[in-house]
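None of the values given here were measured: they were computed from a predicted structure.
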Amino acid sequence: MISEVAGQYNAQELENQIRSLWEKEETYRKVRMQRVGGKKFFFVDGPPYTTGRIHLGTAWNKVIKDSVLRYKSMNSFEVKDRAGWDMHGLPIEVKVEESFGFRNKKDIETYGVDKFIQRCKEFALRQKDDMTAQFKILGAWLDWDDPYMTLKNEYLEAAWWTLKKAHENNLLERGLRVVNWCPRCETAIADSEVEYWDETDYSIYVKFPIIGEENTFIVIWTTTPWTIPANVAVAVNPTFQYSKVRAIKDGRAEILIMASDLVESVLKIGRYQDYELLGVLSAQQMQELKYNHPLGDMVPRQKEIVHGVYAADFVTAENTGCVHIAPGHGLEDYELGLNHHLEIFCPVGEDGRYTEEAGEKYRGEYVKEADGVVIADLEEKGRLLASGRLAHRYGHCWRCKTPIIFIATSQWFLRISDLRDRMLDEVARVTWYPEWAGSARFADWINNARDWCISRQRYWGIPLPIWTCPDCKHMEVIGTAAELEARAGRKLADLHRPDVDSVLLDCPCGGKMKRSPDVFDVWFDSAVASWATLRFPSHEKDFNEWWPADFITEGHDQTRGWFYSQLGASMVSFGRAPYKSVLMHGFTLDDQGRKMSKSIGNIVQPEEVVQKFGADILRFYVLGANAPWEDLHFSWDAVENTSRMLNIFWNAYRFALPYMVLDKFDAKKADLSKYEKSLRPEDRWILSRVNSLVSDVTAEMEGYQLHRIVRSISDFILEDLSRWYIQLVRPRTWIEQDDPDKLAAYATIYEVMVKLCKLMAPFTPFLSEAIYGNLVKGLDAAALPSVHMCNWPSADEARIDKRLEASMALVREVSMAASNARQKGGRKLRWPVSEIVIAPAKDAVDLDNLDSVLRGQTNAKKITILSPGEKPRMDLELSPVHKKIGPVYKGEARAVVQAIAAADAFDVKKQLDGGEATVTHAGKDYKITAEMVQIKELPPENLPAAEFSRGYVYVDITLNPELEAEGYAREIIRRIQDMRKELDLRVEDQIRAMVDIESKPILDLALLKKEHIAGEVRAKDFQLGLGLKLTGRLVKDWDIEGICVRIGIDQI
RNA sequence: GGGCCCGUAGCUUAGCCAGGUUGAGCGCACGGCUGAUAACCGUGAGGUCACGCGUUCAAAUCGCGUCGGGCCCA
C-alpha cells in the first residue's frame, strides 16, 4: 500500500534512511549488475589528490559525474566507474616532513627512506578513507570499494609499461635542461607545479666592459643578480637599433651601449646628468662586440669564457634592450646557448647554493641571499649602473612556497614537443563541452607545449623503471613487475623505493645496471589513469573492450593538468587521445566571484551545506546554479531557494497521499488507461507537460546542459504542478464516492509523479528513491527495487499536445490578470463574481475547452470573450468645451454647461453619433454639436481591468444575493475548516457544528447555502441561526466582513 | 604581455550559439489564499543588458576596442 507521509520535507532524515537502505540492500551493486552486458560507457574518474578534505569544487565535480553516470545507467549503459585517488608526490611528502620537523632531504635519509615511504603511504590511505566517506554523503555512486589508487603495484606497473612504450617509440630521453627547481625540496618541478605571485626583487642595471674599447660598456638589466656569475653572453633584438652614448655623471664620463629607444629612460634611472650621442650600431654590428665578465676575477671559470653578443627574437624593447644570458639559469638562455654552442655554465648546486665553480667568495652561499653580495661586488668594481627594487610575478614551489630557481640539471624527458601537431589532430577528434574548451583553450595550451620533464629527485612516487650501466651506459626500461622479478631473480612485495633501488640487473657488458634514482613527476601518475583503471597491462581484455574513455569531466584548471597529462601519456604510448568526450566545468567562487580562501575566510564546506540543507539540495543547487563550464558563485540564499523548491515538490507529492490511502487507490489496477474517457482537459494538459518535460530534459542531457535541466524541472514543479495543476485538482480529491472524475485525477497525479521522480533520479537520487519506494514499491512488491534501476522515462508523444499547452498558458495569464483586477476592485477571490470579460486587442482568443478551468480558478460564474478590438460597456464622462460653446451661446453658455453636466452621457453620445444632441436645463432645450463636448471613456467602478499579453481582462464585481450567499458560505466554511485543523481532525472525521450569526440579513443569505456548508465541512449535525446557545469542544468568535459570527464544533 | 571564459535589477541569475518588446528567484513594500498550512499565491517598485565604436531596417545577442573579474600561460 502507498503510505501517507507525515510532516515537512526533512532531507537529512530522508537521506539517512535511504543511505542505510542502499547499504542494506546493496543497491549500488544491484544497479551496476543489472546493466552488465549493456552498451559500454567508460568513465574515468579524475583522481582527487588525497588531501583529506573535499571542498565545494570537488563536491560539484563528483555530483556532475554521479548525475551523468546515473543517467547513463538508466539508459541501459553498462558503466565503468572506478573511483580514483592520486596519492603520491610532494604534497604528502611535505606533510609528513612537517609532522617530523624535517628541513631537507638529509633529514629524510637519516630517518630512513623505508620508514618515510611507509609514513607517506599510511597518510595517503587514511586521507583517502576520510574523503571517501565525504563523497558518499553526497550520494556519489562510484566504485568506492575497489578504487584505483596510484600507490598500488598494479598502478605502478601501468606507469612503467607506459614509459617503456615511450622508450620503444624513441620518445624518452635524458638531457641537460634548465628546469624549474625547488631548492628546498631539491627536485625539479613541472611547469604546472609552479605558482606565481608578486615578489619584490632587486632590479639592477649592469655595465659589461667592451674589449678593445676604453671606458665602454654594454648595459644589461636583470632581477636576479645571483645569476650574474653565470653570465656568458648578451642577447640583442635583430630588428632594433642600438646607440653608443657618452654619458656624464658627477663630472665623469663613460661610454654606454643600449637600444636607441631606451637611452633616455636608462640614463634617467642611472641619474646621469647629460649625454651625447656618439653613433648608432645595428644589431649586426652589436654582434661583433666582445666583453669581459664584470666579476671575472672572482669566478675563475669566467676568465676562460669568451663573452659575445647574439641576436634573439625574445628580446623586447624594455629596460636596456640588451639581455643578460646565463644558459645555466634560464630557459631561453639555455636554448640560445645550445644554438650558439655556448658553455652551459651553472655554478649552483641542487641545494640552491653556489658550488666550487662560483669561486672562493661565493661558494656555499644560498643564491637568493647572495643577491646583495653580488650587487655590492658590482658596485665596488664600478660595474653597477643602477639598483632598485621591483615587484613582479615570480614562481614558487606549489607545495613549500619556496621561490624557485632555474638551474641546468640532467633529467628524463618525454619528447612531447615532437607530437604537437598530432596532439592537435587528436584534440579536434574529441567532443568538447563546451566546444571552445578544446578548440580554443586546450589547443592554445598544446601549441605552447614543451618537452615533459618526468623525473623528480624525491622519494614518495612511482620509481622510474630505468636501469643504466655505470660502465657502458647501456640503458633499459622495465615494463612490468614480472619482467623485473624475472630479471632480478627475486620477488618484490612493493615496487616503491627503497626496495626497488636495491635491484641490480645484469648488463650485456658484464657490469651491473642500477636504477636511475628518480621518481616520476606525480602528473605522470594520473596521466595513465585511463588504462591503469582497467588494470592494464595485466588485464588486456578489459582494455580492448573499454578503452578509450567515453567521458571525463574536470575543472578548467585541468586543461594544463589532467586533460593534458593524459593526452601526453597516451600519445607517447598509444598515439591517440585516451578520451572521446570531455566536459570542462568551472571553479567554485564565493558569492562575489572571489576565490574561496582561508585568508578571506569565505570557504564553504560541502558538508556544512549538507548538514544545513541536505545532499539532494546541494546537488540540485550546484547543478542548476549556472552552466557547468562557468564559475559557480556560491550563494546561501540560492541554496535556500533550492531547498524551498524541493520542499514544494515534496508537498506536491504528499498532498494527494491521504486521499489515495483513504480510497485504497491502487495504480496497478487503476492506471491511466482505465480513465482515458474521464480525463479532464487539465489532466491531459499536465500529462502533455510532463511528457514535454521528459523530451526537453533528454535533449538537454545530450549536451550536458545540466543547468537547463534543473531549470526545466524546477519550472515544471513550481509553475505547472504546484501552482496550477494541484490547485485545479484539489476539489476533486474531496469527492467521497468512487467517482471516475476523482480516480482519473489520482491516476494522472500518479503517472506524473512517477515519471517526474524517475526524471529527477540522476540529480536528486535520495528524494527520488524515497518517492519511488512509496509510490511504486509500496504498491507492487515485484517492482524493481530501486528507482535507479528503472529505465529513463521516454516521452509519450501521443500525450504531447502543444496546442493545449498554449491554451492553458493563456488561461493562466487571464487568470492572473483577473486576480490583479480583483485586487484593484477590492474583491477577494473567495467571493464569486458574475462575469469575467476577456477583451483581446488584435487576435481572437480561443480557450479551447478550458472554459471551466478558467471559471474555477477565477471564481467566476461566466466567461465572456469579446471579438478583437471590442470593449465592454464603459462609463462615459462628458466635459464641456467652453471654447466652442461660448461663441455660439454667449450669455446662455453657463446654462448649456449645466445642461451638459446633467445629461445622460450615453444618451448624448448616441445622439451625437447621429449628428446633434439636445440637452436640457431649467426646462429649456439646447442643441449641441460633437465639438462642444469631450467624451471620455472610463472603466466602470464595478468593472476593474488588468492587462495581459493579448489585451485586457475585466472583472464584474457587482454583487447580488446569490453571489453574496456563496461568499458568506465560503467565509464560514473556511473558519470551520480552520477549527477542524485546530482540533487536529482527520480528513474523514465527521463533526457537529453550530453557527450563530448576529445579523439577520446575513443569516438569511447563509441559510440559502446551509446544505452546501454542511457538506463541505463534513458536519452530520449542522445548525445555523441567530441567538443559538453554542456548545462544543471548540467555540470561537469570528469577524466576517464586520459581522460577528460565533462557531462551535465537536467531533462525532 | 598572450590565450580562453565571464560582466544583465541591491543580490543570484535566464536569454547570447541561430539578432526582432530583457524574463525569473531572493530581498523590499502592499494585498490575497487556507484540508500541501512552521506552507503557498498575486501585485508593485527596482535594468543606460560594464563602457565605446561598428555591422544591420533592427544589437543584451554579431564584430572591433576599452575597463573589471576568473582560469591558464609568459
Requested in this report: Provide, to the nearest angstrom, the distance between the CG atom belonging to A:Asp637 and the P atom belonging to B:rC11.
Outcome: 12 Å
Requested in this report: Taking A:Arg177 for its side chain and A:Asp451 for its backbone only, find out whether a donor-acceptor pair lies under 3.5 Å.
Outcome: no
Query raised in the report: Would A:Asp663 and A:Tyr746 count as having a side-chain donor-acceptor pair, cut-off 3.5 Å?
Result: yes
**Report entry** Pairing residues for A:Tyr968 by the ring-ring contact (aromatic ring centres under 6.0 Å, His included) criterion, not counting sequence neighbours
**Finding:** A:Trp831
**Report entry** Base-pairing string, 5' to 3', of RNA chain B - Watson-Crick or wobble, under 3.5 Å, | interstrand
**Finding:** (((((((..((((......[..)))).(((((.......))))).....(((((..]....)))))))))))).
Query raised in the report: Between atom CE in A:Met979 and atom P in B:rU34, what is the gap in whole Å?
Result: 17 Å
Query raised in the report: Whole Å only: how far is the CD atom of A:Glu971 from the C1' atom of B:rG32?
Result: 12 Å
Query - No-hydrogen, no-angle side-chain donor-acceptor test under 3.5 Å, A:Trp1038 and A:Asp978 - result: no
Query raised in the report: A:Leu623 has an atom CG; how far is it from atom P of B:rU13, in whole Å?
Result: 15 Å
Query - Sugar-phosphate, base or nothing in reach of A:Phe563, heavy atoms under 4.0 Å - result: nothing
Report task. Say whether A:Trp432 and A:Ser581, considering side chains only, have a donor N or O and an acceptor N or O under 3.5 Å apart. Result -> no
Report task. Whole angstrom is fine here: how far is it from CG in A:Leu985 over to P in B:rU34? Result -> 19 Å
Report task. For B:rG65 versus B:rG2, give the span between their P atoms, rounded off to a whole number of Å. Result -> 10 Å
Report summary line: Rounded to whole Å, the CZ-C1' distance (A:Arg830 to B:rG32) equals 9 Å
Report summary line: Residue set satisfying side chain to side chain donor-acceptor pair (under 3.5 Å) with A:Ser692, at least two apart, ordered chain then number -> A:Lys802, A:Glu805
Query raised in the report: A:Gln857 has an atom CD; how far is it from atom C1' of B:rG32, in whole Å?
Result: 14 Å
Query raised in the report: Between A:Phe665 and A:Tyr659, is the ring centre distance below 6.0 Å?
Result: no
Report summary line: Judged by nearest nucleotide, the residue sitting upstream toward the 5' end of RNA chain B, A:Gly624 or A:Tyr659, is A:Gly624
Query raised in the report: Where do A:Thr588 and A:Asp631 land on the side chain to side chain contact (heavy atoms under 4.5 Å, CB included) test, with the steps shown first?
Result: CA-CA 6 Å; A:Thr588 46; A:Asp631 290 344; over 6 Å; no
Query - Euclidean distance for C1', B:rG20 against B:rU56 (whole angstrom) - result: 12 Å
Query raised in the report: Within the structure shown, what part of the strands sits under 4.0 Å from A:Arg711 by heavy-atom distance: base, sugar-phosphate, or nothing?
Result: base
**Report entry** Length of the CD-P vector between A:Gln558 and B:rG70, whole Å
**Finding:** 19 Å
Query raised in the report: Using a distance-only test with no angle check, is there a side-chain donor-acceptor pair under 3.5 angstrom linking A:His585 and A:Thr553?
Result: no
Check nucleotides 38-43 of chain B for protein N or O atoms closer than 3.5 Å to its own N or O atoms and list the pairs.
from: B:rA39; atom 1: O2'; to: A:Asn651; atom 2: ND2; distance (Å): 2.9
from: B:rC41; atom 1: OP1; to: A:Arg723; atom 2: NE; distance (Å): 2.3
from: B:rC41; atom 1: OP1; to: A:Arg723; atom 2: NH2; distance (Å): 2.6
from: B:rG42; atom 1: O2'; to: A:Ser819; atom 2: OG; distance (Å): 3.4
from: B:rG42; atom 1: N2; to: A:Gln823; atom 2: NE2; distance (Å): 3.0

**Report entry** Phosphate-side-chain proximity, A:Arg970 and B:rU34, N/O vs OP1/OP2 below 4.0 Å
**Finding:** yes
Query raised in the report: If you look at every strand shown and take non-hydrogen atoms under 4.0 Å, does A:Arg975 touch a base, only sugar-phosphate, or nothing?
Result: nothing
Requested in this report: Can you check each nucleotide of nucleotides 1-6 of chain B against protein heavy atoms at under 4.0 Å and return B for base, S for sugar-phosphate only, - for none, in 5' to 3' order?
Outcome: --BBSS
Query raised in the report: Does any N or O in the side chain of A:Arg420 come within less than 3.5 Å of the main-chain N or O of A:Ala449, such that one atom is a donor and the other an acceptor?
Result: yes
Query raised in the report: Taking the P atom of each, how far is B:rC53 from B:rC72, in whole Å?
Result: 35 Å
**Report entry** Nearest-angstrom distance, C1' atom, B:rC33 to B:rG42
**Finding:** 10 Å
**Report entry** C1'-based separation of B:rG27 from B:rC16 [nearest Å]
**Finding:** 28 Å
Query raised in the report: If the C1' atom of B:rU8 is compared with that of B:rG68, how far apart are they to the nearest Å?
Result: 15 Å
Report summary line: Looking only at B:rU12, B:rA36, B:rC26, the nucleotide nearest the A:Ala638 side chain is B:rU12
**Report entry** Earlier contact from the 5' end, RNA chain B, for A:Arg1018 and A:Thr559
**Finding:** A:Arg1018
Query - With sequence neighbours excluded, residues passing ring-ring contact (aromatic ring centres under 6.0 Å, His included) with A:His329 - result: A:Trp226
Query raised in the report: What integer number of Å spans the C1' atoms of B:rU66 and B:rG7?
Result: 14 Å
Query - Whole-angstrom distance between B:rC41 and B:rA14, as gauged at atom P - result: 22 Å
Query - A:Asp1050 side chain vs A:Arg992 backbone, donor-acceptor pair below 3.5 Å - result: no
Requested in this report: Please tell me which of the listed nucleotides, B:rU34, B:rU12, B:rA14, lies nearest to the side chain of A:Asn626?
Outcome: B:rA14
Query raised in the report: CD of A:Glu966 to CG of A:Leu959: how many Å apart, nearest 0.5 Å?
Result: 11.5 Å
